[in-house]
Amino acid sequence: MSPWRKQVTKSLTSQPLQSLVETIACTGSLTYQQERQIECLLVTHQFDESDLSALDRLIELLFAGEVVSESDYRQARRQWRVA
């Protein structure tokens with residue numbers, strides 16, 4: 001892995017999953033950057049029970065509509081403009 005990629009991966013994964021989910025829950029918005037952070041964490045780290053619980057919580061918040069994904073919002077806006 002290149003030094004640049006290591007630095008990018010380190011910066012994206014510097015926030016623990018539990019803390020990241022708590023931030024998302026407080027703001028009610030899942031940004032594109034946060035989605036990338038979660039992806040990096042899922043690929044590069046081992047998880048314990050509390051990490052999996054945090055991920056379950058995020059999924060529940062998304063399904064309940066208490067958190068909105070920016071990616072979903074952007075896609076809906078594009079579809080609305082086309083219609």
Side-chain angles (χ1 to χ4, degrees):
M1 183 182 296
S2 72
W4 177 83
R5 187 168 177 94
K6 284 181 185 179
Q7 180 62 33
V8 168
T9 302
K10 182 179 178 187
S11 68
L12 287 175
T13 59
S14 61
Q15 189 176 18
L17 186 57
Q18 296 169 33
S19 175
L20 183 58
V21 170
E22 193 59 40
T23 300
I24 294 165
C26 288
T27 62
S29 177
L30 174 61
T31 66
Y32 182 77
Q33 181 181 5
Q34 290 167 327
E35 287 183 39
R36 299 286 76 80
Q37 284 180 282
I38 291 170
E39 282 182 20
C40 285
L41 287 168
L42 291 173
V43 171
T44 61
H45 287 82
Q46 293 182 336
F47 298 97
D48 60 20
E49 192 68 31
S50 60
D51 290 325
L52 296 176
S53 294
L55 198 53
D56 281 341
R57 180 171 181 232
L58 177 58
I59 292 168
E60 289 173 4
L61 290 169
L62 286 162
F63 279 137
E66 294 178 37
V67 168
V68 177
S69 169
E70 281 185 5
S71 297
D72 290 343
Y73 178 72
R74 286 182 183 164
Q75 183 177 3
R77 283 188 65 193
R78 272 188 242 122
Q79 289 176 351
W80 179 74
R81 286 183 193 170
V82 172

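- For the atom pair CD (E70) and CD (E35), the distance works out to 8.0 Å, reported to the nearest 0.5 Å.
- Considering only residues two or more places apart in sequence or on other chains, E39 meets the side-chain contact (heavy atoms from CB on, under 4.5 Å) condition with R36.
- Partners of S50 under the side-chain contact (heavy atoms from CB on, under 4.5 Å) rule, at least two apart in sequence or in another chain, are Q18, D48.
- Here the CD1-CG distance, from I24 to L17, works out to 8.0 Å after rounding to the nearest 0.5 Å.
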Please output the side-chain donor-acceptor pairs of residues 53-62 that fall under 3.5 Å, not counting sequence neighbours, one pair per line with the distance.
{"unit_1": "S53", "atom_1": "OG", "unit_2": "E49", "atom_2": "O", "d": "3.1"}
{"unit_1": "R57", "atom_1": "NH1", "unit_2": "E22", "atom_2": "OE1", "d": "2.9"}

